[in-house]
Every structure is written in structure tokens, then in C-alpha cells.
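Notes follow once the structure below has been shown.
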Amino acid sequence: MSMKNNIKEILNSFKRTTDEVFTLEQLKTRLNDPRPMIIKYGVDVTAPQLHIGHAVNLWMMRKLQEYGHKVIFLIGDFTTRIGDPTGESQLRPLFKQEEIEKNAKEFIKQVSMVLLTDPAVFEVRRNSEWMDSMPTGKFVSLLSMITHSRLISRDMFQRRIQTGSEIYMHEMIYPIIQGYDSVALKSDITIIGTDQLFNEMIGRFYQEKFGQSPQIIITTKITPGIDGKEKQRKSLDNYIGLGHSPRDKFGRAMRIPDRLLMEYFEVYTDLDEAQIKEIGENISTNPMECKYRLAETIVKRYHGKKIAQEKRNWFVRTFSQKKVPKDIPTVSIKNSNCTVFDLLRQCYDPFKKSNSELRRLIQQGAVSIDGNKECDSNTNVSIGNQAILKVGKRTWFRVVLQTKE
RNA sequence: GGGGAGGUGCCAGAGUGGCCAAAUGGGGCGGGCUGUAAACCCGCUGGCGUUGCCUACGAUGGUUCAAAUCCAUCCCUCCCCA
């Protein structure tokens, strides 16, 4: 393939998930340059739980990797210790280095579901490398290049000023450090969520001050979480995580509201435009089938065709045909005669569910044994060799009588 | 530096001596209807040996037969003025 075609192919594949590019001209020019690009992928190493929203950025980086460009996975250990103000107001607790390293490891594990980790196109760095040893004089000289008004122009600082909240100095300085990372890495391009735009713009600013050509910034589209409300966030548990099992990915995809289907196809799958268009035409006549397709496509993207197919079959069998799945946890009990409550208690970790909670579940009709609903905690049941205990819509246990030894 | 308001359950927010495990709304969970969609309806939502008991309304101590509610000290947050 000629280079011209490469460029076209890259730009084309980026279009669907790109929000803005700073600047498109620059991107085209740089892609024409035969030298490989340095892609800055900076992360704040709090406990990682990457989701398919983050993966949108990763897939774009992956694309560039395939053409020989190099991702530098920058662990912001220094900056994490400071605390990024991006995530809204509250001050963040400080992190210990060992915790950071543990998180970083997990991060790389999740990232490698998408990115190539061949050292030719993937390298891990830490910003403590240059920040820990930076002399105060140098740091002050960085400060002298930028003005207060530029720093507080950031929308979230403006909000705080308007509401009379404080801005701490380390928060003001954060973008400077993150920006300087781009200088230290000689970053050519960075692909980020819009929430990071301000910081990365400061990166461009500093790179120019240091005589480098400013990094290209691509911001990506953000779509609502599976609850159809806000963006995917760990704390809302409304995301499809890279760390989720294939089955959970499938199930979570099946839970999205219908109106998000097309958006999800566009942003989270690699189906081509023609295929998506075709799905769009069928969506009103058979939305469920489209959703199956979506779930399967997403799982396939991360776990391959075979697993995706299996999960689909599992799902159909379990929820459409309402058959008890085969691979459910087994709980062995000692006495064949006990109450419904006793039985349930043995299936759950007491730290996760309290007795009261279990009693409530029983009372509310969530529990059935071999298909018979049990609504009274104190009912005595006798289990033969084994029984299937179902709790709610998607939890099963195989209860087995322990043979005496 | 001066003045004012406030800290209640996952969140928001009522309650200002007993009827308070604490109104109401959101969220979550369970049930019904369904397509693990949407909409809708019903119930639940601190713990425990559950007609009762224990722990809880920023922290500690006090007053009282009785405190989320009153008093004292402390910690924290917010607002206004300069």
C-alpha cells in the first residue's frame, strides 16, 4: 500500500470516533512524514478500571502502531502523587509509590487487550524520571513562561471561582507538569478525552517554548454509559469494562437502552459503515437482534469470534430459553434438612450480604429452589442429592449434599 | 481581619426534647409485564438470635426519666464584607 493510501485509511478510520483535532492540517502533514510518531499516552495511576470508552482512544493508537508509530505509556507517578483537579472539585488523597506501581501493572494488563506491546511500538515511562530531579530553578523558569490568567481560564477553575471555592496551588501547577511531559517525551500526538484537553493544550504551549513542534491533539467522542445517562464511570457501575469477563461484557451490552444502539455501533465496534448502515435499517423492526449483534461484536473485538459466539449462545439459552446454565457455582451443604434461609446463607459471603438482606430477598420472592418459589425464610426444605437455587434473575447456585467421610 | 450559615442514611434533603431507624425525592435491589430495552405498577432499602434488642444524625463530654434535637469544647465546610 502506498503511503497516500495509508494516510487516507488512518484518517478514515479515525473519523467515527473523533470529536476534534488540533489541528487536522498538522495531522495530515505529520502522517506524510516518514519518521514514526511518538504517541503520548499519559495516565494517572489510580486504581484502573478501563472501559470501552477509554478503549476508543486505545484503538486509535493501535491503528497508528500498526503503521509503525510508537506509544509511550506514561505513568504519571509524580502527578498522581499531586492529584489532578480534572475530576471535579474534591482534593484527592495522596498515593503511595507502591500502590502506584501496582495500579500501573494492572493498567498495562488491561491496555494490552488493545495495544501492541512489542517494544518497537510500545514503551513505558514515568514522569518522576524528570520531575523528581528537576531543580527548583528550572521549575520556576517553567512557571515564568506562563501566566496566571491562562491557567485559570480552565473551565473548572472558572467554576470554582464563581462558586467561591478554593483553588490550591498544586492544582494550578498540575497542567504545567502534565504539559511539560509532552516536552520531555517529544510527543508528536496524543489521543485523549475532552476532559484532558486543557492540560494537553498547555503541552502544546510548552513544546513551542522549547522549540519543538507542538503535539497533535485528538479528542474523542464520549457516549453515555449503559444506563443511558451519564458517561461511563466506575463509580456509577454503568460501563463495559475491559476487565469484565466476556460474559459480563455481553450482558452489559444487552442492557443498554435501544436508543443508544447506533451510537454504540459507531463508536465501539469496528464494523464498517456499510454494515452499520444496514443494521440501522433493521433496527426498528428487530431491535433485539441488533442488540445481540452489538453485544457479540463488542465481545468479539476483545476476545475473538469463538468466545463471542459462545457467549451469545449462553445468553440465549439462559435468558431467552430460561434454562439453568451449566457453569454455576457449586455449594456443598452438610444437612439435607434446613431452612430456606440457612441454605441461602451458605451460598453468600457474610461480608457481602447480611442476614437481613437475605431474608428480604426470600420474602420478596427472589429465591426459588428447583423452580419453586420460596417466600418464607423459615420453611424447612429437604434437598435430595442436589438442587438448583436461584436468586434474582441472574444468580444460580448448585447445592450439593456433602457425602459423609 | 470582621460578620453570618451549617455539618443527618449511597446522594439530595426534612426533622429542632419522647409518636424517629428518622418524612420526601433520586439511586439501588426484588417482584409483575417484557426483549437482562423503554414505559408502567407493587414492595424493599442499618444490623441482629426480628411481636423485641443493639448501633446510628461531624467528634468528645454534659444536662434530662428521655437527645438528631438543649449546653460546652473541639474538628470541618460554606457564604458575605474588607
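These numbers come from the heavy atoms of this one structure, side chains and all, not from hydrogens, waters or symmetry mates. Sequence lines set the chain letters: A, B, ... in the order given, protein chains first and strands last, and positions in each chain run from 1.
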Checklist entry - Only one of I298(A), I226(A), N238(A) clears side chain to side chain contact (heavy atoms under 4.5 Å, CB included) with R252(A); which? => result I226(A)
Next on the checklist: Using a heavy-atom cut-off of 4.0 Å across all strands, would you classify P257(A) as base, sugar-phosphate, or nothing?
Outcome noted: sugar-phosphate
Next on the checklist: Base, sugar-phosphate or nothing for R259(A)? Non-hydrogen atoms, less than 4.0 Å.
Outcome noted: nothing
Next on the checklist: When the P atoms of rU51(B) and rC41(B) are compared, how many Å lie between them, rounded to an integer?
Outcome noted: 34 Å
Next on the checklist: Ring centroids only, cut at 6.0 angstrom: are Y41(A) and F73(A) within range, meaning strictly under it?
Outcome noted: yes
Checklist entry - To the nearest 0.5 Å, how far apart are OG1 in T269(A) and CD in E296(A)? => result 12.0 Å
Checklist entry - So what does R255(A) hit on the nucleic acid, given a heavy-atom distance under 4.0 Å: a base, only sugar-phosphate, or nothing? => result base
Checklist entry - Taking any strand in view, what nucleotide pairs with rA39(B) in a Watson-Crick or G-U wobble way, both distances under 3.5 Å? => result none
Item to check | Watson-Crick or G-U wobble mate for rC70(B), both contacts under 3.5 Å | outcome: rG62(B)
Checklist outcome for this item: The answer to which of G365(A) and M288(A) contacts RNA chain B further toward the 5' end, by nearest nucleotide, is G365(A)
Next on the checklist: By the 4.0 Å heavy-atom rule, please label S354(A) as base, sugar-phosphate, or nothing.
Outcome noted: sugar-phosphate
Checklist entry - Under 3.5 Å, is there an N or O donor on one side and an acceptor on the other linking the side chain of Q364(A) and the base of rG31(B)? => result no
Checklist entry - When the aromatic ring centroids of Y302(A) and W59(A) are compared, is their separation below 6.0 Å? => result yes
Checklist entry - What interatomic distance, in whole Å, is found between P of rC75(B) and the corresponding atom of rU60(B)? => result 15 Å
Item to check | rG9(B) and rG27(B), which share atom name C1', separated by this distance in whole Å | outcome: 13 Å
Item to check | Touch class at under 4.0 angstrom, heavy-atom based, for I256(A) against every strand present | outcome: sugar-phosphate
Checklist entry - When the distance from CD1 of I362(A) to C1' of rU50(B) is rounded to whole Å, what number comes out? => result 14 Å
Checklist entry - Paired with rA5(B) by Watson-Crick or G-U wobble geometry, both distances under 3.5 Å: which nucleotide is it? => result rU77(B)
Next on the checklist: For the P atoms, the ones on rG13(B) and on rG26(B), what distance do you get once it is rounded to whole angstrom?
Outcome noted: 16 Å
Next on the checklist: Could you tell me how far rC42(B) sits from rG47(B) if I compare only their P atoms? Round to whole Å.
Outcome noted: 25 Å
Next on the checklist: As a test of reading the structure: which of rC44(B), rG31(B), rG27(B) is closest to the side chain of K393(A), going by heavy atoms?
Outcome noted: rG31(B)
Item to check | Sugar-phosphate only, base, or nothing, as touched by G251(A) at under 4.0 Å among non-hydrogen atoms | outcome: base
Checklist entry - Does the side chain of Y180(A) come under 3.5 Å of the side chain of K138(A) through a donor N or O and an acceptor N or O? => result yes
Checklist entry - Tell me: CG of L358(A) to P of rG46(B), nearest whole Å? => result 15 Å
Checklist entry - Going by the angle between their ring planes, with limits at 30° and 60°, are Y348(A) and F397(A) parallel, tilted or perpendicular? => result perpendicular
Checklist entry - Atom CG of D227(A) to atom P of rA37(B): distance rounded to whole Å? => result 13 Å
Item to check | Spacing of K291(A) atom NZ relative to rU34(B) atom P, expressed in whole Å | outcome: 17 Å
Checklist entry - Do the side-chain N and O atoms of Q212(A) and E208(A) include a donor-acceptor pair separated by under 3.5 angstrom? => result no
Next on the checklist: Taking the minimum atom-to-atom distance to the side chain of D258(A), which one of rG27(B), rU50(B), rG35(B) wins?
Outcome noted: rG35(B)
Item to check | Pairwise C1' distance, rG46(B) and rC10(B) [rounded to whole Å] | outcome: 12 Å
Checklist outcome for this item: Rounded to whole Å, the NZ-C1' distance (K322(A) to rC33(B)) equals 11 Å
Next on the checklist: Is N355(A) close enough to rG49(B) that one of its side-chain N or O atoms is under 4.0 Å from OP1 or OP2 there?
Outcome noted: yes
Checklist entry - What is the distance, rounded to the nearest whole Å, between atom CZ of R394(A) and atom P of rU34(B)? => result 19 Å
Next on the checklist: Applying a 4.0 Å non-hydrogen cut-off, can you work out what K353(A) is touching in the nucleic acid: base, sugar-phosphate, or nothing?
Outcome noted: nothing
Next on the checklist: Taking only the C1' atom of each, what is the distance from rC48(B) to rA39(B) in whole angstrom?
Outcome noted: 40 Å
Checklist entry - Would you say the side chains of K249(A) and H303(A) form a donor-acceptor pair under 3.5 Å? => result yes
Checklist outcome for this item: Any strand, both distances under 3.5 Å, Watson-Crick or G-U wobble: rC33(B) pairs with none
Checklist entry - Should K373(A) be listed as having a side-chain N or O under 4.0 Å from OP1 or OP2 of rG32(B)? => result yes
Checklist entry - Pick the nucleotide of RNA chain B nearest each of R252(A) and L361(A); which residue has the one closer to the 5' end? => result L361(A)
Checklist entry - Is the shortest side-chain N/O distance from R359(A) to OP1 or OP2 of rG49(B) below 4.0 Å? => result yes
Checklist entry - What distance, rounded to whole Å, do you find between the two P atoms, one in rA67(B) and one in rA21(B)? => result 12 Å
Checklist entry - Quick one: F265(A) CZ to rA37(B) C1', roughly how many Å, whole number? => result 14 Å
